[in-house]
Every structure is written in structure tokens, then in C-alpha cells.
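Reviewing the structure listed below.
First the proteins, then the strands, lettered A, B, ... as listed; each starts at 1.
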Number of protein chains: 2
Amino acid sequence: MDHNDRPAIDETDVAILERVERDADVNLADLAAELDLSKSAVHYRLNKLKDADVIASVSADVDPLALGLDMVVITEVSVAHESGYADDIGQALTEIDGVFQVYYTMGDVDFIVHSRVQDRDQMNDLIDEIVTIDGVNETSSTFVMKELQTNPKTVANMSDTMIETVIDGTE
Amino acid sequence: MDHNDRPAIDETDVAILERVERDADVNLADLAAELDLSKSAVHYRLNKLKDADVIASVSADVDPLALGLDMVVITEVSVAHESGYADDIGQALTEIDGVFQVYYTMGDVDFIVHSRVQDRDQMNDLIDEIVTIDGVNETSSTFVMKELQTNPKTVANMSDTMIETVIDGTE
DNA sequence: AATGAAATCGACCAGCA
DNA sequence: TGCTGGTCGATTTCATT
């Protein structure tokens, strides 16, 4: 084991991860053939990656647009600084329906909240809900005109350097 | 068919979507039992949802933290307004390694870029890459201290009202 | 949309490097 | 510890009603 507690990951693991995060429905045989490995070996590694929570879950990606969720709003939230309720406020933000991402940030703004709704009414309701939270001081919302990339695939967005760091750093 | 070209979705479809976006490894028998349906009916509906691209893909969710990607940066990008290269700039932003989300927004800022890196060096390199893009005027980066929710599950974040809108609006 | 049969796939095992 | 090949059982898949 190395200095940190991350599981050891090699090139083969990265190749498997890249493939299954792109399409988890791939059969073991095909995947094994692509990697010049046996089915069992791939199976073994997949289990290990799941046990180590490198693969957190396998999920169907539901297209928001197919459900009419074509409005994305970004809301900057500032809280009253004397109040030590930052944790509570963050929690309250994540629980609002429509909110899919909450960041706690350094800087003049405390939280950045991303949400997805179907129409202006829902947008107004959502922003109202945020303002109503106890301790919230000021909000500023921005409307997203176009999502150019909404691709939270982890491996696909990594550079070669990042991948090398993973392989070298956990061996 | 209704006024728009979205596929018709009913309560059962929503229940299926909610379940498979949470865990796509569930077997048909269990899912069918939960919904009081036959396996074939669930199978039929799943195929329909995939064909209609309501389910865009099934993917393994790779934990960024397991790969050392524990730094998230949000960068606001403003472009020179006389240049009509907004599309090109947006495209260039999505192609940068580490970038996982790009929004084109209304307001004083033109693009909002989210990226994930392993260390400060990579963060600096990434911001340099953004600044180097032809037409980019000004950038402002914010460091994320904590991700409270990074859960781009679509159905899980929807309110009852939103779900009703889907069901009523596409029947 | 349900049934039941056929094909396919993933899980597991013993043995080995 | 990680890999191989093969077998068994479960699951998906499909034709038919």
C-alpha cells in the first residue's frame, strides 16, 4: 500500500473504466477481446473496482430534455456571514427539487447551485425556495442558453498526464 | 401524438426510469415484481425508452475522487463581443482535458466552465489553456471547497409537479 | 401484454503462474 | 495476487397467443 489509501489502478483498469463508463451494457466477451484478456480476468477486475468503490454505481442516463427539463439555471448564493449555519444551508439547497449540483466555494459567493426545470414558473418557485432558506442573504441567478457539454464521465475527460498520475501514484 | 415530438411517458415509465437511473444492474424479475408487472412488459418498456433516447446510455459511474480528481474549478469566461466566434470558442472549451461541463449563458459572462483536476499545476495549466483560446477576453476562476451534491440523476431530482407535467404533457 | 422456450450472458470454480 | 479455461445457472430475449 502506498502513502494514501486509494486503491491501486493500472492501465488495464483505466481501459476497463473508460469502456464501461461509456457503455456498461458491453458484454464481458467483447470487452475481454478488446483488451486481449480472458472473460474471467475482466470479471475479476470489475468486481475489484466495484468493491473498492472506484465504480460507485451503474446507472441509466436519463435525458433531461426527453422529460421537458430544458431550462438550466445557475444561482449564486451568499449567506449571512455571522451565521455558522453554512452546513445546514448547503443541506437545504441540495434537498430542493430540481437542484442537481451544489458547490461550496471560496470567494465572494458561498454556494453555487445548479438546477433544471421545465418552465419559468418552476424557475421562479425554485429561486423563491432558495431565498426562503434561513440564513441566505443574497442570490443571483443566471440563465443557461445552451449546454455545450453535460458529460460527467470521469475517465473520458482526463488528460494523459492525469491518467499517468493515477497509474503511477497508486501502484 | 401531442404538440411536441417527445415520446409519451406514463407513471410506469417514470417508475422504471427512477429505478434504473439509481441502479441499472437490477434484474428484470425484481423490477417487474416491484411494479406489479410481468418481466416482458418491463423489458418492452425499457427497449422503447432506449429506442426513444429517453435512456441515452447505461454507464458505470466512476468516482473522480478514487482517481485523485479532488479539485473542482469553476471558470467564468468572457469573449470579445465583436468576434462572432462564440461557437468555436465553446467547442474549444469542451475539448480541454479536465473540463466536464460547459454552459453558454446570458448575462455579463459568456461561458461557465467546470473542470476537475488532480493538483494545482494541472489547474494552472487548464486555466492557461482557456486563456489561450482565440477570442477569449477575460476569465475568473473560483475554487470549489466542497461538492455537496454531484448527482446528475434526472428523475431523482424532479418534483412531483415536474413529473406530472411529463406525464400529462406527453400522453 | 403475458407465456414459455431458446439463446446468451455473467458468475463461479479448481488449478496455475 | 491475478489469470486461464470451462461449466453451470440465471437472465435476457424472442416467437407465439
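No contact: B/Val42 has no heavy atom under 4.0 Å from any strand.
Here D/dT11 presents its C1' atom at 14 Å from CG of B/Leu46, a figure rounded to the nearest Å. For the pair A/Ile9 CD1 and D/dG2 C1', the computed distance is 16 Å after rounding to whole Å. The CG-C1' distance, from B/Leu31 to D/dT11, rounds to 14 Å in whole Å. Straight-line distance from the CG atom of A/Asp13 to the P atom of D/dT1: 15 Å, rounded to whole Å. A straight line from CG of A/Leu37 to C1' of D/dT4 spans 11 Å, rounded to a whole angstrom. One can place CG of A/Leu35 at 16 Å from P of D/dG2, the figure rounded to the nearest angstrom.
Partners of B/Glu147 under the salt bridge (charged side-chain N to carboxylate O under 4.0 Å, His left out) rule, at least two apart in sequence or in another chain, are B/Arg116. When the side-chain contact (heavy atoms from CB on, under 4.5 Å) test is applied to B/Ala52, the partners found at least two apart in sequence or on another chain are B/Pro7, B/Val54. Residues satisfying the salt bridge (charged side-chain N to carboxylate O under 4.0 Å, His left out) criterion with A/Glu11, sequence neighbours excluded, are absent altogether.
Of all the heavy atoms in A/Gln118 and B/Thr161, the pair that sits closest is OE1-O, 4.5 Å. Minimum interatomic distance between A/Ala60 and B/Ala24 (heavy atoms only, all atoms of both residues): N-CB, 3.8 Å.
A/Tyr44 has a side-chain polar atom (N or O) that falls below the 4.0 Å cut-off from OP1 or OP2 of D/dG2.
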Under 3.5 Å between N/O atoms: give me all the protein pairs with nucleotides 13-17 of chain D, atom names plus distance.
{"unit_1": "D/dT13", "atom_1": "OP2", "unit_2": "B/His43", "atom_2": "NE2", "d": "2.9"}

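Residue pairs meeting the salt bridge (charged side-chain N to carboxylate O under 4.0 Å, His left out) criterion with at least one member in residues 62-80 of chain A: none, sequence neighbours excluded. Residue pairs meeting the side chain to side chain donor-acceptor pair (under 3.5 Å) criterion with at least one member in residues 44-58 of chain B, sequence neighbours excluded, are A/Asp61-B/Ser57, B/Asp10-B/Arg45, B/Asp13-B/Arg45. Each side chain to side chain donor-acceptor pair (under 3.5 Å) pair with one or both residues in residues 124-144 of chain A, not counting sequence neighbours, appears once here: A/Thr75-A/Ser141.
Computed from C1' positions of five pairs at each end, the angle between the two local axes of the helix from C/dA1-D/dT17 to C/dA17-D/dT1 equals 40°, rounded to 10 degrees.
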Can I get a per-line list of side-chain donor-acceptor pairs under 3.5 Å for residues 88-96 of chain B, giving both atom names and the distance, sequence neighbours left out?
{"unit_1": "B/Gln91", "atom_1": "NE2", "unit_2": "B/Glu95", "atom_2": "OE2", "d": "2.8"}
{"unit_1": "B/Thr94", "atom_1": "OG1", "unit_2": "B/Gln91", "atom_2": "O", "d": "2.7"}

Contacts table for residues 97-108 of chain B: side-chain donor-acceptor under 3.5 angstrom, sequence neighbours left out:
{"unit_1": "B/Gln101", "atom_1": "NE2", "unit_2": "B/Tyr103", "atom_2": "OH", "d": "3.3"}
{"unit_1": "B/Thr105", "atom_1": "OG1", "unit_2": "B/Val109", "atom_2": "O", "d": "2.8"}

| said: Pair A/Val77, A/Asp110 - check side chain to side chain contact (heavy atoms under 4.5 Å, CB included), show working. | reply: CA-CA 6 Å; A/Val77 177; A/Asp110 296 298; 6.0 Å; no
Side chain to side chain contact (heavy atoms under 4.5 Å, CB included), that's the test. Do A/Glu18 and A/Ile16 meet it? Break it down for me. CA-CA 5 Å; A/Glu18 190 277 329; A/Ile16 292 174; over 6 Å; no
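Against DNA chain C, the stretch residues 17-25 of chain A makes no heavy-atom approach under 4.0 Å.
Counting only distance, with no hydrogens or angles, the side chain of B/Asn157 and the backbone of B/Lys153 share a donor-acceptor pair below 3.5 Å.
Scanning DNA chain C 5' to 3' for nucleotides with an atom closer than 4.0 angstrom to a non-hydrogen atom of chain A gives a first and last hit of C/dC9 to C/dC12.
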